[in-house]
Amino acid sequence: MLVTSLLCLFGFCLLAQRPQSRVTGQPKQKSKVYLIKSNVLRKDAKSPDAQIVVGDVVFRHDSVYMYCDSACYYDKISSFEAFGNVRMVQGDTLFLYGDRLYYDGMTQIAQMRMNVRMENSSTTLLTDSLNYDRLYNLGYFFDGGTMMDAENVLTSEWGEYSPATKQSVFNYNVQVEGPQFTLTSDTLRYNTATKVANIVGPSDIYSGENHIYSESGYYFTQTGQADLYQRSVLTNDGKQLTGDTLLFDRALGIGKAFHNMVFTDTINKNMMTGDYGYYDGKKKYAFATHKARAIDFSQGDSLFLHADTLMLQTFNLETDSMYREVKAFHKVRFYRTDLQGISDSLVFSSKDSCLTMYKDPVLWSNNQQLLGEEIKIYMNGKSIDWAHIINQALSVEQVSVDSTLFNQVSGKEMKAFFEGGEMRKALVEGSVRSVYFPMDSDSLLIGMNVAESSILEIYLKQQKLQRMVMKPKTTATMYPMSQIPKEKERLETFVWFDYLRPKDKYDIFNWRSKKASDQLKKNVRGPVELPNQHLFNIK
C-alpha cells in the first residue's frame, strides 16, 4: 500500500502545474517554507528538486502552519503540493481546509482545491477552487461558492473575501438568503461584520410582500433598512414607489422617495408624482408634496391634478368596512380634456364614493362653468351619478365659443343628475334667478329671458336643453334681441372665471388667484318688476 501511495503521489507531482506570480517583477519574500514533520521522507529520482513526504506532514511559513497526509516538497523554491486532509492555519482566526493544495512560498499564494472550506471568525466559505493570497490577505473563488455568516448565506459564481476587513465581493448569479429576505444580483459587495450589502449592479430584494429593485445603494440585512439610489423601485401589493433616492424600512414597512418621485397604484390605475413621497405599506398610507401631481388613468382619458400636498389614507384595515380617502389640499387644479376644475382643497372617499371640493371650487366642462361654496360629486363606479353644489350656486354657459352672451342660473344650491356620463336633469333651489337666451330651430337667438322663482328644474337630452320648469311662483320677462337692457344681461352674482381655467395638463402647476372683484357674492334677490306669475316652460 505504501508503495502504491508513493507511486500515485509521484504521478501527481509530475502532472501538477505551478501557478505564475500575480505581477511581473513582484518582490519575493526571503522567508522560507520549512518542513516541520513527516513520517516518511524520500527523494524523487526523476525530480531531484522534489522530496516526497508522507504521514502527519506539517509545514510552516512564517506564522502559518499547513498540514496534510502527503506532499511533494520543493525546498529550493519554498513551495509544495499537498494531498489529503489538507489544513492551513493562520493564527487563531483563519482556517483553510481542502483535499489538495499548491502553496508558493515566494508569492505567498495558496491554491486550495476540492471540498474547500475557509473559516474566519463566524464566517465560513465553501467552494471547490479557492486561491488565498497571504500577502494581501485575500481569498477568491472562481467556480462557484457559498459564504455563510451568523445571519446570511451568500452564493455566486465568482467572489473574493478579505479576512482582515471582512469585506467581500461577489459576481455572477449572486444570491443572499436571510431570515426575512432574499437578495439576487449580478454584482454585490458584502461586509460580514456589519452585515451590510452594497448594491453596485442590478439587484432585487424580496421580503414578505415587499420587492425592491435597485442598481446602487446599501441594504442593512439585520434591520431591513435600505438606502438606495439611481431610480430604485419599491413594490408592495400593487403599489410602486420610485425616486432618485429611496429609503426603506422593512420592519416598519415605510418607504421614502426623494426627487422625481413616482407612486403608482397599478390596481386602481392612478399615480402620484412629486419631489418627495412617503408610503406606509402596513397602513396603506401615501403622501406626496413639492410639485405634487396625481394622475388617474382608470378611464380612457387621463385626469391630471396638482396641489401643494397629496395624501392617500386607508381606514378600518382588515375589516369589511375598509375604505380609502384621497386628499389634495391647497391650490388644487385639475385637467381632463372634458373636465377642468380648481379649489382650495379636495377629498375623495370610497366610503360613499363622494368627491368634495372645498373653498371657492369651480368646475368647467366644454362651454359651461359651475361654482359655489362647496361642490360634492357622487360617483357610480367610474362615472358620475350626481353632483351637489352647495351655497351660492352659479351655473354659467357661454352661448358660443366667441360669444359675450351667457346663459346663467343662480340659487342657494344645485343638484345635477347623470346617466351614462351625461347630465339628464338639474335641480336648482332657493332664490333661483336665471338669464337664458333661447334659440329657434335654425340655432338663431330669439331673445333673452330673465326669470325668478324658488325652484328650477332643467331637463336635457344629449347635452341639449329640452325643457325648463320654474315653480311654484315665477316672474319672467322676455326681451327681444334688439331691446335687451345692458344691465339685465348678467346676474348680480355673475362671474366668468375663464382666466383661471387650466388649459392643459401642464397648466395645472400654474396657480392663478381670483381677482378681488370676482370673489363670491351673496345672492341678493332684486325687486320684482312684473306682476305676472306663471309656470315657465321652454320646449
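Note that these values count all heavy atoms, side chains included, but never hydrogens, waters or copies made by symmetry. The first residue of the sequence shown is numbered 1, and numbering continues consecutively from there.
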Check your understanding: If you draw the axis of the six-membered ring of Tyr459, does the NZ or CZ of Arg467 fall within 45° of it and under 6.0 Å from the ring centre?
Key ->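 The answer is yes, since Arg467 meets both limits relative to Tyr459.
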Taking the cut-offs as 6.0 angstrom to the six-membered ring centre and 45 degrees off its axis, would you call Lys256 and Phe287 a cation-pi pair?
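Geometry flag: not set, cation outside 6.0 Å or 45°.
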Handout entry: Heavy-atom pair of closest approach, residues Ile199 and Ser214
Key =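 The pair with the smallest heavy-atom distance is CG2-O, 3.8 Å.
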Does the side chain of [Y] come within less than 4.5 Å of [X]'s, by heavy atoms?
X	Y	answer
Arg333	Phe509	no
Phe248	Asn210	yes
Phe329	Asp308	no
Tyr161	Thr123	yes

Carboxylate-amine/guanidinium contact [X] [Y], below 4.0 Å:
X	Y	answer
Asp244	Arg231	yes
Glu373	Lys359	no
Glu151	Lys195	no
Asp338	Arg336	yes

Can you tell me how far [atom2] of [Y] sits from [atom1] of [X], rounded to the nearest 0.5 angstrom?
X	Y	atom1	atom2	value
Met147	Glu160	CE	CD	11.0 Å
Glu374	Ile390	CD	CD1	4.5 Å
Met414	Ile375	CE	CD1	10.0 Å
Lys376	His388	NZ	NE2	9.0 Å
Phe417	Ile384	CZ	CD1	13.0 Å

Among all residues two or more places apart in sequence or in another chain, which pass the ring pair (Phe, Tyr, Trp, His ring centres under 6.0 Å) test with [X]?
X	result
His211	Tyr206
Phe315	Tyr323
Trp511	none
Phe406	Phe494, Trp496

query = Can you find a side-chain donor-acceptor pair between Tyr219 and Asn198 that sits under 3.5 Å?
reply =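 No, no side-chain donor-acceptor pair sits under 3.5 Å.
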**Report entry** Any side-chain donor near an acceptor of the partner, Thr187 and Asn171, under 3.5 Å
**Finding:**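 There is such a pair (donor and acceptor under 3.5 Å, judged by atom type) between the side chains of Thr187 and Asn171.
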| message | Taking ring pair (Phe, Tyr, Trp, His ring centres under 6.0 Å) as the cut-off, I'd like each qualifying pair that reaches into residues 361-384, sequence neighbours left out, listed once. | response |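 Only Tyr378-Trp386 qualify under ring pair (Phe, Tyr, Trp, His ring centres under 6.0 Å).
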Any side-chain hydrogen bond (donor to acceptor under 3.5 Å, both in side chains) involving residues 267-279? Give me the pairs, sequence neighbours left out, ordered by first then second residue.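 Output for this query lists Asn236-Tyr279, Asp265-Asn268, Thr273-Arg293.
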His306, Gln340, Arg512 screened by side chain to side chain donor-acceptor pair (under 3.5 Å) with Asp507, the one that passes: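 The side chain to side chain donor-acceptor pair (under 3.5 Å) with Asp507 is passed solely by Arg512 among His306, Gln340, Arg512.
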| query | How are the rings of Phe142 and Tyr140 set to each other: parallel, tilted or perpendicular (split at 30° and 60°)? | reply |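 Aromatic pair Phe142/Tyr140 classed tilted.
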Any donor and acceptor pair, going by atom type alone, linking the side chain of Asn407 with main-chain N or O of Phe437 inside 3.5 Å?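 Answer holds: yes.
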### Query
Is Ser216 reaching over with its side chain to a backbone N or O of Gln230, donor-acceptor style, under 3.5 angstrom?
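Checking the backbone N and O of Gln230 against the side chain of Ser216, no donor-acceptor pair under 3.5 Å is found.
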